[in-house]
J.: 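Before we start, here is the structure in question, set down as structure tokens.
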Amino acid sequence: MVAVIALHDKESRISSLIARLSFIEEGASDKRNFVKNAINWSLRKIGERYANLNRKTISCAQRITDGGSKSGKWIASNAPRELENKMIQTRLK
């Protein structure tokens, strides 16, 4: 649901998307495949909205990596790779 909001709700405030990052961090240790994919997708879509959200989602991914769970490491290794992509960075500037 978070990814859908980040992707389609163009009226959503930056503060509401930032608040959802804590929800993403909490769910990052869940081992269920659909949950991992949803969290990864949410993190990427939030980070693709604005430059300041991009930096915050990359920081969130780093905190998830530091959490140490196997699913968190998968999420956190995949999302920053896309968020740091040159094409996305150029679009955000």
Side-chain angles (χ1 to χ4, degrees):
M1 188 66 164
V2 176
V4 172
I5 292 169
L7 184 60
H8 296 293
D9 185 6
K10 301 303 180 189
E11 302 298 318
S12 62
R13 298 185 185 275
I14 292 174
S15 60
S16 71
L17 293 172
I18 291 172
R20 296 175 198 279
L21 291 177
S22 62
F23 176 72
I24 289 171
E25 283 185 57
E26 289 175 20
S29 61
D30 196 310
K31 295 177 183 174
R32 294 175 290 179
N33 197 38
F34 286 121
V35 176
K36 287 190 315 187
N37 288 329
I39 289 173
N40 182 293
W41 190 42
S42 299
L43 194 62
R44 289 183 293 123
K45 293 306 156 191
I46 290 173
E48 291 176 6
R49 289 286 295 265
Y50 304 106
N52 61 342
L53 284 175
N54 183 271
R55 290 187 296 276
K56 290 188 182 299
T57 54
I58 291 171
S59 297
C60 178
Q62 184 58 46
R63 289 190 301 274
I64 291 170
T65 300
D66 295 343
S69 73
K70 186 176 180 180
S71 59
K73 287 181 181 180
W74 177 83
I75 292 165
S77 68
N78 188 333
R81 187 177 8 187
E82 183 173 327
L83 293 172
E84 293 171 343
N85 182 320
K86 186 177 179 180
M87 188 172 73
I88 290 175
Q89 292 297 319
T90 302
R91 185 177 56 81
L92 291 173
K93 291 182 182 180

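The figures that follow rest on heavy atoms only: side chains count, while hydrogens, waters and symmetry mates do not. All residue numbers refer to positions in the sequence shown, counting from 1.
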J.: Would a single hydrophobic cluster contain both I24 and Y50, if residues Ile, Leu, Val, Met, Phe, Trp and Tyr are joined by side-chain heavy-atom contacts under 4.5 Å?
T.: yes

J.: For a quick check under 3.5 Å, do R81 and N85 share a side-chain donor-acceptor pair by atom type?
T.: no

J.: Assigning hydrophobic clusters by single linkage (Ile, Leu, Val, Met, Phe, Trp, Tyr; side-chain heavy-atom cutoff under 4.5 Å), is V35 placed with L43?
T.: yes

J.: Counting N and O atoms only, with roles assigned by atom type, does the side chain of N54 sit under 3.5 Å from a partner on the main chain of E48, one being a donor and the other an acceptor?
T.: no

J.: Between atom OG1 of T57 and atom CD1 of I46, what is the distance when rounded to the nearest 0.5 Å?
T.: 7.5 Å

J.: What residues, two or more places apart in sequence or in another chain, satisfy side-chain contact (heavy atoms from CB on, under 4.5 Å) together with K36?
T.: N33, S71, W74, I75

J.: For S22 and A19, work out which heavy atoms get closest and say how close.
T.: OG-O, 2.9 Å

J.: Atom CG of N37 and atom CZ of R32: how far apart are they, to the nearest 0.5 Å?
T.: 12.5 Å

J.: Compare every heavy atom of A28 with every heavy atom of S69, then report the nearest pair and how far apart it is.
T.: OG-O, 3.8 Å

J.: Decide yes or no on side-chain contact (heavy atoms from CB on, under 4.5 Å) for N52 and I18, but give the supporting numbers first.
T.: CA-CA 10 Å; N52 61 342; I18 291 172; 5.5 Å; no

J.: Just to verify, what does E84 make a side-chain contact (heavy atoms from CB on, under 4.5 Å) with, not counting sequence neighbours?
T.: I58, P80

J.: Taking C-beta and beyond as the side chain, do C60 and E25 meet within less than 4.5 Å on heavy atoms?
T.: yes

J.: According to a 4.5 Å side-chain heavy-atom criterion applied to Ile, Leu, Val, Met, Phe, Trp and Tyr, with indirect links allowed, do L83 and L53 form part of one hydrophobic cluster?
T.: no

J.: Same cluster for I88 and L21 if Ile/Leu/Val/Met/Phe/Trp/Tyr side chains link at under 4.5 Å?
T.: no

J.: When rounded to the nearest 0.5 angstrom, what is the spacing between CZ in R49 and CZ in R44?
T.: 15.5 Å

J.: Starting from F34, walk the hydrophobic network (Ile, Leu, Val, Met, Phe, Trp, Tyr; side-chain heavy atoms closer than 4.5 Å) and list everyone else you reach, by chain and number.
T.: none

J.: State, without any angle test, whether D66 and Q62 hold a side-chain donor-acceptor pair at a distance under 3.5 Å.
T.: yes

